[in-house]
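See below for the structure under consideration.
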Amino acid sequence: MQRPPHNQTEYVVKGLNLEKVLNKICQNFTIFNIKKIAYNKFKFTCDFENRKAVLKILEARGFKLEKSNNYGFLALSNAFAKRIGLVVAIPLVISLLFLLNSFVFQVAVLGNSNISKTQIAMFLKQQNIKLPISKSQIDTKVLESKIEQYFDNISMASVIKKGTTLVISAKSGAKKPEKFGPIISSANGKIKEIKVIKGTLNVKKNQIVKAGQILVLPYVVSTDGTKTPVLPKAEIVLTAWLTGKLTHNENQVQNIKTGKSSQILTLKLFGKNISKNGKNNFKMFEVKKNISKPFGNNILPIILEREIFYEIQQKIVFVPFAQVKQVLEKKSKEIALLNLQKHDIIEKEFVSNDAACGINIITYTVEVTRKIG
């Protein structure tokens with residue numbers, strides 16, 4: 001007698017001509033544990049792999065399936081396979097919700113100010129804040145300060161990140177009194193002439209000054225020592241020294257590619273990594289990055305970032321200073337002239353070179369007459 005299989009299906013069916021149907025099934029398949037429950041109802045078991053074919057024969061002859069049970073490892077695997085979608089979907093949904101919660105998708109404007117949501121949207125655009133945006137990219141304290149500076153009728157602003165919403169609360173009112181700043185030197189140089197109209201003098205004629213040094217203070221001092229804030233004004237002529245400096249090392253390190261490369265592929269959603277494959281084991285390398293949108297951003301803004309690492313070796317090459325002297329002088333002059341202002345008058349130009357141990361420092365100086373104040 002053949003033993004029942006380890007993986008089997010039990011059927012309870014209802015219909016007429018039971019013996020005839022059982023004989024038909026037995027022509028192609030083996031069935032076990034046949035038991036008649038009523039005159040038109042019986043149950044039996046068959047091999048799990050044959051369950052669908054057996055059920056098809058029963059249904060073709062008008063039998064009604066009342067109950068079915070699967071037993072064995074294959075049956076368990078089949079049940080698990082049907083539920084694997086749900087098992088995988090739950091953590092994916094949780095991960096997606098967690099990911100979405102780390103972004104801001106909308107802005108709410110509260111408070112008693114007259115600024116509209118459209119004005120706030122324009123302001124945020126100027127600050128390069130485009131929705132959706134990662135919460136980590138928003139500094140609420142900095143944003144509060146910028147709102148107070150940008151809108152004339154705002155005396156106080158509050159910004160918080162609540163869920164996926166950026167909540168901006170603004171209060172109308174008078175701003176704090178304006179603070180006056182001093183007149184400062186825009187370059188290194190020497191005071192040629194100075195005449196104060198408003199404010200307090202902080203330097204003397206023929207004095208050497210540095211860029212950023214205060215020339216005129218934003219207040220006047222009365223006879224009793226009281227300081228009164230004023231907007232400083234003065235007529236100042238500065239002999240300014242505009243410099244450009246470059247360093248040349250005759251023993252230069254040159255990077256040479258070995259021909260070996262590796263890559264890392266990263267999938268990103270809303271700026272967050274969702275998948276990363278590959279690695280880089282090179283100690284010295286150059287990297288090239290390429291970003292593409294594999295799905296065209298029609299549904300989700302998924303970005304594919306490809307980083308290609310090229311292994312390099314370093315080699316020391318001797319480049320004599322005389323070979324590059326003229327090029328360095330020209331480039332250092334270009335750097336100096338970047339600080340030239342519209343009404344500057346160029347008086348003279350000179351270049352110097354400090355050399356030691358194969359290192360040369362080229363300094364190109366353009367002397368100009370500049371008016372300040």
Side-chain angles (χ1 to χ4, degrees), residues 126-128 142 145-146 149 178-222 225 227-255 316-373:
Q126 292 178 11
Q127 307 303 315
N128 292 321
V142 172
S145 177
K146 288 185 176 181
Q149 294 173 17
E178 185 177 358
K179 292 183 179 180
F180 300 115
I183 298 175
I184 62 173
S185 177
S186 56
N188 295 335
K190 182 179 180 181
I191 301 296
K192 190 175 182 181
E193 296 176 17
I194 186 164
K195 179 184 177 182
V196 176
I197 299 171
K198 284 184 181 180
T200 300
L201 192 63
N202 197 49
V203 293
K204 299 176 181 179
K205 185 178 179 179
N206 296 324
Q207 181 175 332
I208 304 296
V209 295
K210 294 182 178 180
Q213 185 173 335
I214 295 175
L215 307 180
V216 181
L217 296 163
Y219 58 80
V220 292
V221 183
S222 61
K227 295 180 180 179
T228 304
V230 295
L231 179 64
K233 188 175 181 182
E235 296 176 354
I236 305 169
V237 178
L238 176 70
T239 298
W241 302 314
L242 314 180
T243 59
K245 189 177 288 187
L246 288 173
T247 301
H248 174 73
N249 190 334
E250 292 184 321
N251 296 307
Q252 296 187 5
V253 177
Q254 191 177 71
N255 294 331
I316 296 177
V317 179
F318 180 75
V319 181
F321 174 68
Q323 182 178 322
V324 295
K325 181 174 181 287
Q326 290 184 346
V327 174
L328 293 175
E329 287 181 356
K330 182 180 178 182
K331 288 184 177 180
S332 60
K333 178 180 179 179
E334 291 172 354
I335 294 171
L337 291 175
L338 289 174
N339 298 312
L340 188 69
Q341 295 184 0
K342 185 177 181 180
H343 298 292
D344 287 349
I345 300 173
I346 298 176
E347 302 293 348
K348 57 183 177 181
E349 304 174 23
F350 51 91
V351 63
S352 63
N353 175 36
D354 296 320
C357 303
I359 297 176
N360 294 264
I361 301 174
I362 294 286
T363 305
Y364 199 100
T365 303
V366 179
E367 185 176 286
V368 303
T369 296
R370 175 179 294 178
K371 292 182 178 181
I372 301 175

Identify the heavy atoms of A336 and V366 that sit nearest to each other, and give their distance. CB-CG2, 4.1 Å
For P218 versus P182, what's the shortest heavy-atom pair and its separation? CD-CB, 3.8 Å
Using salt bridge (charged side-chain N to carboxylate O under 4.0 Å, His left out) as the criterion, list what pairs up with E334, not counting sequence neighbours. none
Atom CD1 of I316 with >12 non-hydrogen neighbours under 6.0 angstrom: no
Quick one: CH2 on W241 to NZ on K348, what's the gap to the nearest 0.5 Å? 9.5 Å
Only counting residues at least two apart or in another chain, list the ones meeting salt bridge (charged side-chain N to carboxylate O under 4.0 Å, His left out) with E367. none
Look up atom CG in L328 and atom CD in Q323, then write down how far apart they are to the nearest 0.5 Å. 10.5 Å
Output, in order, the C-alpha distance, side-chain angles, deciding distance and verdict of side-chain contact (heavy atoms from CB on, under 4.5 Å) for V368 and I345. CA-CA 5 Å; V368 303; I345 300 173; 5.9 Å; no
Flag if over 12 foreign heavy atoms under 6.0 Å of CD, Q126: yes
Quick one, D344 and N339 - any side-chain contact, counting heavy atoms below 4.5 Å? no
Main-chain N/O of F321 paired to E250 side chain as donor or acceptor, under 3.5 Å: yes
Looking at every non-hydrogen atom in both residues, tell me the closest pair between I183 and A234 and how far apart they are. CD1-N, 3.9 Å
Taking side chain as C-beta onward, heavy atoms only, is I236 less than 4.5 Å from V216? yes
Test L215 against I191 for side-chain contact (heavy atoms from CB on, under 4.5 Å), laying out the working first. CA-CA 9 Å; L215 307 180; I191 301 296; 4.2 Å; yes
May I ask you to decide if V319's main-chain N or O and H248's side chain share a donor-acceptor pair within less than 3.5 Å? yes
Interatomic distance, OG1@T239 vs CD@E347, rounded to 0.5 Å, equals 7.5 Å
Enter the distance from T243:OG1 to I362:CD1 here, rounded to the nearest 0.5 Å. 13.5 Å
Under 4.5 Å between any side-chain heavy atoms of I335 and K245, yes or no? no
Side chain to side chain donor-acceptor pair (under 3.5 Å) partner of Y364, chosen from E349, E329, K331, K330: E349
Please name the pair of heavy atoms, one in P232 and one in F180, separated by the smallest distance, quoted to 0.1 Å. CD-CB, 4.4 Å
Is the closest side-chain heavy-atom distance between L242 and L337 below 4.5 Å? no
Applying side chain to side chain donor-acceptor pair (under 3.5 Å), which residue pairs with at least one partner in residues 180-206 are found, sequence neighbours left out? S186-R370
Test your reading of the model: is there a side-chain donor-acceptor pair from S145 to the backbone of V142, 3.5 Å cut-off? no
Does any non-hydrogen side-chain atom of L238 lie less than 4.5 Å from one of V209? yes
V196 to G199 - nearest heavy-atom pair and separation: CG1-O, 3.6 Å
Taking the side chain as every heavy atom from C-beta outward, state whether I184 and I214 have any pair of such atoms under 4.5 Å apart. yes
